[in-house]
2 protein chains.
Amino acid sequence: MLGEPIRDRRAERREATRAEILDAAWEQVRESGLAALSLRDLARTVGMQPPSLYSYFDSKNAIYDAMYAQGVQAFIDDQPAALPERAVEALKVMAHYFVGFCTADPARYQLLFQRTIPGFEPSAESYETSKQGLARTAGLLAGFGITEPRSLDLYTALVTGLTDQQISNDPGGRRWIGIVDDAMEMFYEHTTDKTSTRTKGRRTK
Amino acid sequence: MLGEPIRDRRAERREATRAEILDAAWEQVRESGLAALSLRDLARTVGMQPPSLYSYFDSKNAIYDAMYAQGVQAFIDDQPAALPERAVEALKVMAHYFVGFCTADPARYQLLFQRTIPGFEPSAESYETSKQGLARTAGLLAGFGITEPRSLDLYTALVTGLTDQQISNDPGGRRWIGIVDDAMEMFYEHTTDKTSTRTKGRRTK
DNA sequence: GTCTATATTTGGATAGAC
DNA sequence: GTCTATCCAAATATAGAC
């Protein structure tokens, strides 16, 4: 009997080609918009005829899904490993990471965090991975004593709002990035100074 | 010479047909997504052949633009006429109006506040109108003593963030709508208690 | 695995008769 | 203003030869 080769060169090459296709796809959506991904242009870019793409991906949505998975993984992998000890400073680092990650590639942000591609939904597996990202954020906030679900929701609203405004109204600029620190100070003070929330009373100021 | 008729029945009918087409277009985008607007389906819905639409709109983007103008006008017209005297309560009403308006019709929100339709940009005239809306908001905030541009930016980030999360992660629900009041209290306290901002010093807490 | 050829659908838009 | 007829382009996807 022949021994099995250590490496599967065929599989390696296949993976490399898949990666090459995905790279070209990212390039295309960054250039022309997420919704404008076209299998024709994509095939031409990588030097294939359009039908050949189907040897690597079952459909166009399968490409979107692979891109989604890549994006989620990048979000997790690139997260800062260590955070400042002081909670408010850690929040600033976290928020800057989120806004920076999203504004660095608006098409990716659109794919991951907005649901604007008609007919595309991430696969269950990819979606599961994405939930890990939010869970990690929740865990970090909990470490700072921020445990209420409402506070987590407020945090996500803040960082996505800053991101959204930055992308929509000052693309490539820093207008909303520049108030991230301010927003986090506001958030931190509010969530850790909740005497009025517990009493449910109206704030008399 | 014949006297000119008081009413131009032809023009009236034309306007009515245009309105009917736009109504059908809204229906379609609410159903299938903003990007999925199709002139064929649209024509079929209003009982026309597709080319007949071109008697009323020069192009598909002209339809988007008319919808944009309608949306902006609706946002302005539906604004609450009077606000509570207390600033923080007024902020809550304003924010609830914004989030309510947007979540009531996510396709409209996408058209007005996100720029996700490839190739579409609102006409200069429509865009001008939309800036009036923001100017009004700025004026109201100024009336409450909130005049710094950064504060206005923070406000818009907050309300769009709440809107975005509500639409993306709890469509039809109230998860983020339920923290609008809380967010506005946070915002108000932060923007009116700025001793630390002026000194530019790091907050010692 | 890649190609050619093709199917199929759909899209926006125009020409010209009535 | 509306229609028929048509164009043109682009899209995703499949069949089958090599």
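So that the names make sense, note that chain A is the first sequence line, chain B the second, and so on, each numbered from 1. Basis for what follows: all heavy atoms, side chains included, without hydrogens, waters or symmetry-related copies. The structure displayed is predicted, hence computed values, not measured ones.
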Checklist entry - For B:Thr116, what residues pass the side-chain contact (heavy atoms from CB on, under 4.5 Å) criterion, not counting sequence neighbours? => result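 Partners of B:Thr116 under the side-chain contact (heavy atoms from CB on, under 4.5 Å) test: A:Gln110, A:Thr116, B:Gln110.
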Checklist entry - With sequence neighbours excluded, what pairs up with B:Pro80 under the side-chain contact (heavy atoms from CB on, under 4.5 Å) test? => result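 Once residues adjacent in sequence are excluded, the partners of B:Pro80 under the side-chain contact (heavy atoms from CB on, under 4.5 Å) criterion are B:Leu83, B:Val93, B:Tyr97.
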Item to check | Contacts of B:Tyr109 that satisfy ring-ring contact (aromatic ring centres under 6.0 Å, His included) - sequence neighbours left out | outcome: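 B:Tyr109 satisfies ring-ring contact (aromatic ring centres under 6.0 Å, His included) with B:Phe113 only.
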Would you kindly give the [atom1]-to-[atom2] distance between [X] and [N], to the nearest whole Å?
| X | N | atom1 | atom2 | answer |
| --- | --- | --- | --- | --- |
| B:Arg9 | D:dG1 | CZ | P | 15 Å |
| B:Gln49 | D:dA5 | CD | P | 10 Å |
| B:Arg18 | D:dT2 | CZ | C1' | 17 Å |
| B:Leu53 | C:dA13 | CG | P | 11 Å |
| A:Arg44 | C:dT2 | CZ | P | 18 Å |
| B:Phe120 | C:dG12 | CZ | P | 15 Å |

Checklist entry - Which residue pairs pass the ring pair (Phe, Tyr, Trp, His ring centres under 6.0 Å) test with at least one member in residues 10-61 of chain B, sequence neighbours excluded? => result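 Residue pairs passing ring pair (Phe, Tyr, Trp, His ring centres under 6.0 Å), neighbours aside: none found.
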Item to check | Pairs touching residues 115-157 of chain A that satisfy ring pair (Phe, Tyr, Trp, His ring centres under 6.0 Å), sequence neighbours left out | outcome: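 Qualifying pairs, neighbours excluded: A:Tyr64-A:Phe120, A:Tyr155-A:Phe187.
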Checklist entry - Within 45° of the axis and under 6.0 Å from the centre of the six-membered ring of B:Tyr188, does NZ or CZ of B:Arg86 qualify? => result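 Verdict for B:Tyr188: no cation-pi partner in B:Arg86.
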Item to check | Listed partners of B:Glu125 passing salt bridge (charged side-chain N to carboxylate O under 4.0 Å, His left out), at least two apart | outcome: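 With neighbours one apart ignored, the set is empty.
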Checklist entry - Between B:Ser52 and D:dC3, is there a side-chain N or O to OP1/OP2 distance below 4.0 Å? => result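 The answer is yes; a side-chain N or O of B:Ser52 sits under 4.0 Å from OP1 or OP2.
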Next on the checklist: Once you apply a heavy-atom cut-off of 4.0 Å, does A:Gly119 come out as touching a base, just sugar-phosphate, or nothing?
Outcome noted: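 No contact.
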Next on the checklist: So if I define the base as every atom that isn't primed, P, OP1 or OP2, how would nucleotides 7-18 of chain D read as a B/S/- string at a heavy-atom cutoff under 4.0 Å?
Outcome noted: ---BBBBB----
Checklist entry - If you measure from the Lys or Arg side-chain nitrogens to the Asp or Glu carboxylate oxygens, is any gap between A:Arg9 and A:Glu12 under 4.0 Å? => result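 Looking at A:Glu12 together with A:Arg9, the answer is no, because their closest N to O distance does not fall below 4.0 Å.
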What pairs of donor and acceptor atoms, side-chain ones from residues 166-181 of chain A against any protein atom, are under 3.5 angstrom apart with sequence neighbours left out?
{"unit_1": "A:Gln166", "atom_1": "OE1", "unit_2": "A:Arg175", "atom_2": "N", "d": "3.2"}
{"unit_1": "A:Gln166", "atom_1": "OE1", "unit_2": "A:Trp176", "atom_2": "N", "d": "2.7"}
{"unit_1": "A:Gln166", "atom_1": "OE1", "unit_2": "A:Ile177", "atom_2": "N", "d": "3.1"}
{"unit_1": "A:Gln166", "atom_1": "NE2", "unit_2": "A:Asp170", "atom_2": "O", "d": "2.6"}
{"unit_1": "A:Gln166", "atom_1": "NE2", "unit_2": "A:Asp170", "atom_2": "OD2", "d": "3.2"}
{"unit_1": "A:Gln166", "atom_1": "NE2", "unit_2": "A:Gly173", "atom_2": "O", "d": "3.2"}
{"unit_1": "A:Ser168", "atom_1": "OG", "unit_2": "A:Asp164", "atom_2": "O", "d": "3.1"}
{"unit_1": "A:Asp170", "atom_1": "OD2", "unit_2": "A:Arg174", "atom_2": "N", "d": "3.1"}
{"unit_1": "A:Asp170", "atom_1": "OD2", "unit_2": "A:Arg175", "atom_2": "N", "d": "2.9"}
{"unit_1": "A:Arg175", "atom_1": "NE", "unit_2": "B:Asp153", "atom_2": "OD1", "d": "3.4"}
{"unit_1": "A:Arg175", "atom_1": "NE", "unit_2": "B:Asp153", "atom_2": "OD2", "d": "2.9"}
{"unit_1": "A:Arg175", "atom_1": "NH2", "unit_2": "B:Asp153", "atom_2": "OD1", "d": "2.8"}
{"unit_1": "A:Trp176", "atom_1": "NE1", "unit_2": "B:Asp153", "atom_2": "O", "d": "2.9"}
{"unit_1": "A:Asp181", "atom_1": "OD1", "unit_2": "A:His96", "atom_2": "NE2", "d": "2.8"}

Checklist entry - Is there a residue in residues 19-31 of chain A whose heavy atoms reach under 4.0 Å of DNA chain C, and which residues are they? => result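 Nothing qualifies; none.
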